[in-house]
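Protein chains get the first letters and strands the later ones, always in sequence-line order, with residue 1 at the start of each.
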Amino acid sequence: MNLDDELRAALQREPAPVDFAAKVTAKTRTSKARVVPFRRRPAALALAAALALAALVPSAVYQYRQQRRAIQARDQLIAALSITKVQLQHVRERIQQNTRHKI
Amino acid sequence: MDFAQVVADNQSMVFSLAVRFLRDREGAEELAQDVFLQLYEKLSRIESPSHATGWLRRAICHRCIDEARKRRLRPRVGLDAVPEPLAESRHPDLLLNERLRRMVAELPESARMVVLLRYQEDLDPTDIAGLLSMPISTVKSHLHRSLAVMRGRLERQEICR
């Protein structure tokens, strides 16, 4: 017995069930109507990510600008206060000098 | 690409591989339909009828192996897996064919697919190695060992008769 030949004979292709093609066609029709879950649609995911980014970026830029303005205002206030301090010291020194002269 | 024509040309190949591998007609039909459906969804990327055939062959092989592994975890007995009565057949060749198919079905998954691709699809070891992404030496070893096992079992059965 030639096992190779026997196997070829035993393992010949067999026809698919008669209604096989019809069932596949029917399934393709339902698959068209099938709703693909959102997480399995890369284009939709990319669009959602882009929209989220588009909403986040201006907000982040606005926050950054506000923070910069607040820092500038603080620095200006500190500078103004230090100038005022110096001026007040001068005034105080003059008052003290005048007081000493009068005495 | 005409999908109906692709189904008509390949349904026998896809169904036969699945049914011989799983020995469960219902499960095999379901799996084969699923593979065609997968192809339908990728049809725009299929360039030629031979590309479709190659794609389907590869897809059904891998799906069958996956399905068999799943079934090992939760066994499902198909009608074809139920042993036949031990009546003497009047057609010895048919009986031998059935015995051989049963022996093939009892081989380990990878070896079973290699034997099916070799003897049902008439592919040579190089093509099988490419299809199943395994070294050619492994394909040859699966073939050699599977044939030795089947030959041994047939000889023992002949002696016991």
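Neither the backbone nor the side chain of B:Ala28 comes within contact range of chain A; no heavy atoms are under 4.5 Å apart. Within the 4.5 angstrom heavy-atom criterion, atoms from both the backbone and the side chain of B:Arg151 approach chain A. Heavy atoms of A:Glu14 lying under 4.5 Å from chain B belong to its backbone as well as its side chain. Residue A:Asp5 does not touch chain B at all, counting heavy-atom pairs closer than 4.5 Å.
Heavy atoms from other residues, nucleotides or ligands lying under 6.0 Å from NZ of B:Lys42 number more than 12.
Residues A:Val24 and B:Phe3 have side chains in contact (heavy-atom distance under 4.5 Å, counting atoms from C-beta outward). Here the side chains of A:Asp19 and B:Glu29 are in contact, with some heavy-atom distance below 4.5 Å. By the 4.5 Å heavy-atom criterion applied to side chains, A:Leu11 and B:Asn97 are not counted as neighbours. Contact annotation: the side chain of B:Tyr119 approaches that of A:Asp4 to within less than 4.5 Å [non-hydrogen atoms, C-beta and beyond]. Residues B:Asp122 and A:Arg8 have side chains in contact (heavy-atom distance under 4.5 Å, counting atoms from C-beta outward). Considering only heavy atoms from C-beta on, A:Glu6 stays 4.5 Å or farther from B:Leu154 through its side chain.
In the hydrophobic clustering of ILVMFWY residues, with side-chain heavy atoms under 4.5 Å counting as a link, B:Phe36 and B:Leu43 come out together. Cluster membership for B:Val114 and B:Val149, using ILVMFWY side-chain heavy atoms within less than 4.5 angstrom, is not shared. In the hydrophobic clustering of this structure, B:Met103 groups with A:Leu3; members are Ile, Leu, Val, Met, Phe, Trp, Tyr whose side-chain heavy atoms approach within less than 4.5 Å, directly or through other members.
Comparing B:Leu100, B:Val7, B:Val14 by heavy-atom pairs within less than 4.5 Å of chain A, the highest count is held by B:Leu100.
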Trace of the side chain to side chain contact (heavy atoms under 4.5 Å, CB included) decision for A:Arg13 with B:Leu17: CA-CA 8 Å; A:Arg13 284 183 189 174; B:Leu17 277 173; over 6 Å; no

Please report the C-alpha distance between A:Lys23 and B:Gln33 in whole Å, then the side-chain angles of each, then the deciding distance to 0.1 Å, and finally whether the side-chain hydrogen bond (donor to acceptor under 3.5 Å, both in side chains) criterion is met. CA-CA 8 Å; A:Lys23 282 182 184 169; B:Gln33 285 173 7; 5.9 Å; no

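Separation of atoms CG (A:Leu7) and CZ (B:Arg118) is listed at 10.5 Å; rounding is to 0.5 Å.
Side-chain atoms of B:Arg25 never come within 3.5 Å of backbone atoms of A:Pro17 as a donor-acceptor pair (strictly under, hydrogens ignored).
The side-chain hydrogen bond (donor to acceptor under 3.5 Å, both in side chains) check on B:Glu106 picks up B:Arg153, with sequence neighbours excluded.
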